Amino acid sequence: MADPRLIEISPVTRVEGHGKVTIHLDARGEVEEARLHIVEFRGFERFIRGRLLWEVPVIVQRLCGICPVSHHLAAAKAMDRIVGVDILPPTAEKMRRLMHYGQVMQSHVLHFFHLCAPDLLFGFDAPAGRRNIFEVIRERPEMGLRAVMMRKFGQEIIEATAGKKIHGTGAIPGGINRNLDIATRDRLLVQVDRMLDWAADALALARAYVEDNAAHVLRFGSFPSNHLALVRQGDGALDLYDGRLRVIDAGGAPILDMLAVEDYHKVLVEDVRSWSYMKFPFLRDLGPESGWYRVGPLSRMNCASRIDTPLAGAAHAALRAASGGGLGQSPLTSHWARMIEVVHCVERIRELLHDPDLQGTDLVARGDRRPEGIGVIEAPRGNLIHHYRVDENDQVTFCNLIVSTTHNNEAMNRSVRDVATTHLSGRPTITEGMLNHVEVAIRAYDPCLSCATHALGQMPLRIEVRDSQSRLLASAEKGP
């Protein structure tokens with residue numbers, strides 16, 4: 001019997017959080033298995049228990065320094081329900097929306113320019129020392145400047161609405177704790193038209209990459225799948241902050257439509273596998289084999305009936321027209337979708353900055369207390385679900401978080417297997433550039449690995465010792 005070979009990519013680079021990839025080759029050098037492993041564990045769902053409900057929106061955002069606003073708002077929306085609020089005062093909702101658009105914008109800009117642009121500009125096989133934002137700045141200084149300034153603008157929006165650029169306190173159960181003063185509004189308005197021009201240029205760049213390399217994009221880690229996203233109640237338009245759940249199949253036909261977010265647990269199941277701290281969600285009625293799905297910018301483009309801001313709306317129509325050839329299933333098309341959302345966010349930011357409701361003083365609502373609350377939002381990386389129960393002492397007794405990267409777990413693993421098989425199987429020599437192809441597939445999903453870890457009760461510790469041919473020599477395990 002031939003000895004197997006094991007290739008390990010650890011850590012996966014230019015993503016948020018810590019993960020690794022293991023690729024098992026047979027004696028002929030063919031890929032037998034390839035997996036994305038999430039190797040960190042944070043356990044927020046356990047230690048949030050016992051905390052007071054008003055603390056939750058501030059605490060849970062410590063999951064992440066890249067997308068804290070998304071957790072802040074999802075938790076606040078869940079706590080709105082618990083304090084009996086279904087409709088926020090206009091100032092509160094619009095301030096939260098402004099905060100969210102600033103978050104999505106800055107996160108997408110960070111991902112596209114800082115993490116993915118080195119691969120797209122210089123090639124997946126470029127030397128590792130060249131694939132970084134510093135080389136982008138050196139070779140394309142104008143692009144580098146725009147990347148920094150666009151992200152800075154998004155963070156200034158967050159600071160104005162949440163109080164701080166990272167881990168703010170603006171959203172509270174039932175509303176918001178501040179409005180937008182005129183001086184801050186005017187300072188942001190001075191910049192917004194330039195941001196929209198730059199966003200449109202970035203969109204053109206992303207679209208050109210996909211269209212100019214369509215044959216490669218179609219083959220790269222691509223496969224048909226279901227897609228899940230929030231859409232606006234009534235017309236099914238893109239709504240990043242609120243709405244109802246829509247799930248479509250690979251052909252665009254609805255599987256579920258206008259599902260109330262409070263009913264998510266009736267249709268979604270989270271599977272557990274022994275080799276990852278991250279769960280594998282699927283649609284209960286379809287089962288784990290065919291019920292898995294994707295989320296994120298591309299899924300939102302596939303699910304949304306339209307986008308109701310003019311520039312992003314036209315771009316969405318163009319992407320949907322191109323998707324008939326299969327581009328709507330390719331992870332690399334996510335870059336195009338991501339930049340459409342940047343344009344949409346800046347368009348929305350400009351609208352809101354002109355809205356006098358942002359200077360209103362009715363900030364918080366109250367209603368009849370409930371024991372349970374569910375908040376759902378479209379984070380930059382995709383759908384985000386926060387689910388809590390609170391006792392009569394205002395203390396959390398239950399917490400479940402399903403984050404974007406968890407929704408995408410099965411899809412990422414399939415992309416990893418596909419790219420590894422295509423680029424590594426049967427090769428006499430495995431180069432760093434070949435391995436980077438696998439990382440490119442993961443980066444296309446913009447995963448936030450630290451957000452995606454779950455508590456599974458008591459976690460076992462398993463240690464394995466293997467020889468150079470990956471044969472197991474000894475193992476030890478502690479815990480259940």
Side-chain angles (χ1 to χ4, degrees), residues 45 53 56-57 60 70-90 92-94 96-97 100 171 173-175 226-249 252-270 279 281-287 291-296 299-308 365-379 381-390 396-404 406-408:
E45 291 161 315
L53 70 88
V56 172
V60 294
S70 303
H71 291 289
H72 183 55
L73 290 175
K77 290 180 72 176
M79 294 305 156
D80 293 342
R81 298 285 298 173
I82 287 176
V83 299
V85 175
D86 297 323
I87 300 177
L88 296 176
E93 174 159 345
K94 291 175 183 179
R96 286 192 188 182
R97 283 183 175 271
H100 188 46
N226 307 317
H227 297 270
L228 178 148
L230 278 180
V231 295
R232 189 164 64 194
Q233 186 173 354
D235 66 354
L238 177 72
D239 193 331
L240 299 174
Y241 177 77
D242 200 20
R244 296 203 163 209
L245 292 171
R246 173 177 286 172
V247 184
I248 62 171
D249 65 19
I255 298 173
L256 295 169
D257 203 14
M258 296 299 164
L259 178 76
V261 297
E262 292 81 12
D263 294 330
Y264 85 91
H265 52 89
K266 297 178 181 178
V267 300
L268 296 184
V269 179
E270 294 181 87
K279 293 185 178 180
F282 62 90
L283 298 170
R284 184 189 303 274
D285 288 348
L286 297 182
W292 60 274
Y293 52 86
R294 283 188 269 182
V295 301
S299 294
R300 290 191 285 255
M301 294 301 109
N302 290 336
C303 288
S305 303
R306 65 190 185 95
I307 299 178
D308 63 357
R366 284 291 182 266
D368 295 328
R369 178 66 182 276
R370 303 180 179 112
E372 188 170 16
I374 296 169
V376 181
I377 202 167
E378 284 293 330
R381 293 154 180 82
N383 192 265
L384 171 64
I385 299 171
H386 278 228
H387 185 179
Y388 302 94
R389 297 190 190 106
V390 176
V396 175
T397 60
F398 169 84
C399 170
N400 187 47
L401 311 176
I402 308 180
V403 308
S404 317
T406 304
H407 288 299
N408 278 330

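Here the structure is a predicted model, which is why all the values come from computation and not from measurement.
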Taking 4.0 angstrom as the limit, do Arg97 and Asp242 come out as a salt bridge?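 The answer is no: the pair does not qualify as a salt bridge.
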Salt bridge or not for Arg96 and Asp80, using N-O below 4.0 Å? yes
Would you compute the distance between atom [atom1] of [X] and atom [atom2] of [Y] and round it to the nearest 0.5 angstrom?
X	Y	atom1	atom2	value
Leu228	Ile248	CG	CD1	10.0 Å
Asp308	Arg232	CG	CZ	4.5 Å
Leu259	Leu245	CG	CG	5.5 Å
Tyr241	Leu73	OH	CG	6.0 Å
Leu268	Asp285	CG	CG	10.5 Å
Ile255	Leu283	CD1	CG	6.0 Å

Quick one, [X] and [Y] - any side-chain contact, counting heavy atoms below 4.5 Å?
X	Y	value
Glu270	Asn400	yes
Arg369	Ile82	yes
Ile402	Lys279	no
Tyr264	Asn383	no

Does CG belonging to Asp86 count more than 12 external heavy atoms closer than 6.0 Å?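 Yes, the 6.0 Å shell around CG holds more than 12 heavy atoms from other groups.
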Taking everything shown except Asp263 itself, do over 12 heavy atoms lie less than 6.0 Å from its CG?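 Yes, because the 6.0 Å sphere around CG of Asp263 holds more than 12 heavy atoms from other groups.
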So, for [X] and [Y], which heavy atoms are closest and what is the spacing to 0.1 Å?
X	Y	result
Ala229	Ser299	CB-O, 4.3 Å
Gly174	Arg366	CA-NH1, 3.7 Å
Gly382	Ser404	O-OG, 2.7 Å
Val60	His71	CG2-O, 3.9 Å
Ile377	Ser70	CG2-O, 4.0 Å
Trp292	Phe282	N-CB, 3.9 Å

Starting from the C-alpha separation in whole Å, work towards a yes-or-no answer on side-chain contact (heavy atoms from CB on, under 4.5 Å) for Asn226 and Leu286. CA-CA 11 Å; Asn226 307 317; Leu286 297 182; 4.2 Å; yes
Check Leu238, Val295, Asp239, Ile307 against Arg300 for a side-chain contact (heavy atoms from CB on, under 4.5 Å) and give me the one that passes.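 Among the candidates, only Leu238 passes.
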Check: [X] side chain, [Y] main-chain N or O, donor-acceptor pair, under 3.5 Å:
X	Y	result
Lys77	Val376	yes
Arg81	Glu372	no
Glu45	Leu401	yes
Thr397	Arg389	yes

Identify the residue among His386, His387, His265 that makes a ring-ring contact (aromatic ring centres under 6.0 Å, His included) with Phe398.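 That would be His387; it is the only one of His386, His387, His265 passing the ring-ring contact (aromatic ring centres under 6.0 Å, His included) with Phe398.
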Donor-acceptor side-chain pairing of Arg246 and Ser305 below 3.5 angstrom: yes
Does a donor on one side chain sit under 3.5 Å from an acceptor on the other, for Glu378 and His100?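 Short answer, no.
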